[in-house]
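Have a look at the structure below, then the notes.
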Amino acid sequence: MTPFSLNIKGTLHEYSHPLVMGVLNATPDSFYSASRAATEAEVAAAAARLAAAGADIIDVGAYSSRPGAGDVPEEVELERLAHALPAVVAAAPGCLISVDTFRARVAREAVEKYGAHIINDISGGNLDSEMFETVAQLGVPYVLSHMRGSVADMMEYTTYEDVTRDVLSELGDRLQELALMGVNDVIVDPGFGFSKTLEQNYELLANLKLLQLFHRPILVGFSRKSMITKLLGTTPDKALNGTSVLNTLALDRGAAILRVHDAAEARECIRIYEALASKKSL
């Protein structure tokens, strides 16, 4: 990966090694049941486990983004985060807090009320026209993800002339919009599993290095997803090995942030990859 920096609440943080973003779902219906945390005590315990396992960032979500998931009213999302975020902040004080939301109001409250550091928007600003302006006003790093359509219908939008070229083009357009609004702390996520078929996911991974053209840190999220389970004929609870394989391949293609359910294993992927990358080959 290329070293990068992020402005976190007015302080520039430099990163020369890949980061681990741990997933914490304050939802009852996320696709991987072991990632769900309903009560404040469960949220705090999950956050503490992620921090102890080596997570640099904890990504808190209150709206399930699995394909075909039902809609969650904004007030319900806010209520879930109102219980979850203070618990995460208290349980994992050494971690950056990211909030997984596509709603501008939720992003604002997460940052202003609860001290979140990063906004992770799976829709790339396409589901709330006020998101980019809100992020610009908040001055926080923003994860720009690629997705078409909504959570409910994203898999109806998988027609591409060339998936890699089209994803690069669409992300590039959104990056230009953000730059014009003064948003420069952007993390790019190609959106594995979002509006992409199994074959398209692997084609995009094969060409992941091309995202370095944006000169932004690259985030990947494969953890226990269907691009593993469908290919191997398994289930999310048995997809940790496949997740580690994909994370390692992504590191070799320039990934800077691994978004995972299993922080310790992701940290091991980074240590092994960096040990190998530091050696000279004949």
Side-chain angles (χ1 to χ4, degrees), residues 6-11 13 19 21-27 30 37 43 47 55-66 69 71-90 92 95-152 154 170-171 173-191 194 216-217 219 221 257 259:
L6 295 174
N7 188 328
I8 307 292
K9 297 186 182 298
T11 300
H13 293 252
L19 304 181
M21 174 185 277
V23 179
L24 199 162
N25 291 312
T27 59
S30 294
V43 168
D56 303 287
I57 307 166
I58 297 179
D59 191 40
V60 185
Y63 188 124
S64 176
S65 57
R66 63 182 172 81
D71 184 49
V72 176
E74 186 174 87
E75 294 302 326
V76 172
E77 185 180 4
L78 285 167
E79 182 179 357
R80 290 173 178 173
L81 289 175
H83 292 289
L85 287 174
V88 174
V89 170
C95 293
L96 297 176
I97 308 301
S98 169
V99 174
D100 181 358
T101 186
F102 58 80
R103 288 171 167 148
R105 180 186 168 197
V106 175
R108 183 177 294 280
E109 292 203 16
V111 173
E112 294 182 342
K113 281 191 175 183
Y114 307 110
H117 305 96
I118 299 169
I119 298 302
N120 180 14
D121 177 7
I122 61 166
S123 81
N126 287 312
L127 293 180
D128 190 329
S129 61
E130 297 182 7
M131 179 60 90
F132 282 7
E133 182 179 352
T134 299
V135 171
Q137 292 171 355
L138 293 171
V140 294
Y142 175 68
V143 180
L144 173 72
S145 300
H146 178 273
M147 186 180 82
R148 293 173 169 180
S150 67
V151 171
M154 68 174 88
E170 291 168 27
L171 285 173
D173 289 344
R174 303 302 273 169
L175 278 169
Q176 187 173 29
E177 289 182 50
L178 286 164
L180 290 172
M181 301 178 77
V183 180
N184 295 308
D185 281 308
V186 182
I187 299 161
V188 176
D189 177 356
F194 293 90
R216 299 286 192 277
L219 182 152
I257 303 174
R259 183 181 184 273

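- In K9, the NZ atom is crowded: over 12 heavy atoms of neighbouring residues, nucleotides or ligands sit closer than 6.0 Å.
- Of all heavy-atom pairs between D56 and L19, the closest is OD2-CA, 3.3 Å.
- Here the side chains of V43 and L24 are in contact, with some heavy-atom distance below 4.5 Å.
- Side-chain contact between Y63 and D71 is present, with at least one heavy-atom pair separated by less than 4.5 Å.
- By the 4.5 Å heavy-atom criterion applied to side chains, N25 and S64 are not counted as neighbours.
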*Give the C-alpha distance, both sets of side-chain angles, the deciding distance and a yes or no for side chain to side chain contact (heavy atoms under 4.5 Å, CB included) between M147 and L127.*
CA-CA 10 Å; M147 186 180 82; L127 293 180; 3.8 Å; yes
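- Here E77 contributes atom CD and E79 contributes atom CD; the two are 12.0 Å apart, rounded to the nearest 0.5 Å.
- By the 4.5 Å heavy-atom criterion applied to side chains, R105 and L78 are counted as neighbours.
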_side chain to side chain contact (heavy atoms under 4.5 Å, CB included) between H146 and V188, intermediate numbers included_ = CA-CA 8 Å; H146 178 273; V188 176; over 6 Å; no
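- Here the closest heavy-atom approach between residue I58 and residue A92 is recorded as CD1-CB, 3.6 Å.
- Residue F102 holds its CZ atom at 8.5 Å from CG of D128, rounded to the nearest 0.5 Å.
- Pairing each heavy atom of G22 with each of A55, the nearest pair is N-CB, 4.2 Å.
- Nearest heavy atoms, V72 versus A62: CG1-O, 4.1 Å.
- Residue E74 places its CD atom among more than 12 non-hydrogen atoms of other residues, nucleotides or ligands, all under 6.0 Å distant.
- Rounding to the nearest 0.5 Å gives a distance of 10.5 Å between CE of M131 and CZ of R108.
- Taken to the nearest 0.5 Å, the CG atom of L6 stands 8.0 Å off from the CG atom of L96.
- Of the options D59, L81, N120, a side chain to side chain contact (heavy atoms under 4.5 Å, CB included) to V99 is made by L81 and by none of the others.
- In terms of heavy-atom proximity, P217 sits nearest to V186 at CD-O, 3.7 Å.
- Using a 4.5 Å heavy-atom threshold, the side chains of V143 and I257 count as separate.
- No donor-acceptor pair closer than 3.5 Å links the side chain of R174 to the backbone N or O of L144.
- When side chains are defined from C-beta on, D100 does not count as touching V23, because their heavy atoms never get closer than 4.5 Å.
- You'll find the side chain of R259 stays beyond 4.5 Å of the side chain of D189, heavy atoms only.
- Residue-environment remark: CD (E177) exceeds the threshold of 12 foreign heavy atoms within 6.0 Å.
- Separating the CZ atom in R103 from the OG1 atom in T134 is a distance of 13.5 Å, to the nearest 0.5 Å.
- V89 is not listed as a side-chain neighbour of Y114, based on a closest heavy-atom distance of 4.5 Å or more.
- Interatomic distance, H117 NE2 to D185 CG, rounded to the nearest 0.5 Å: 13.5 Å.
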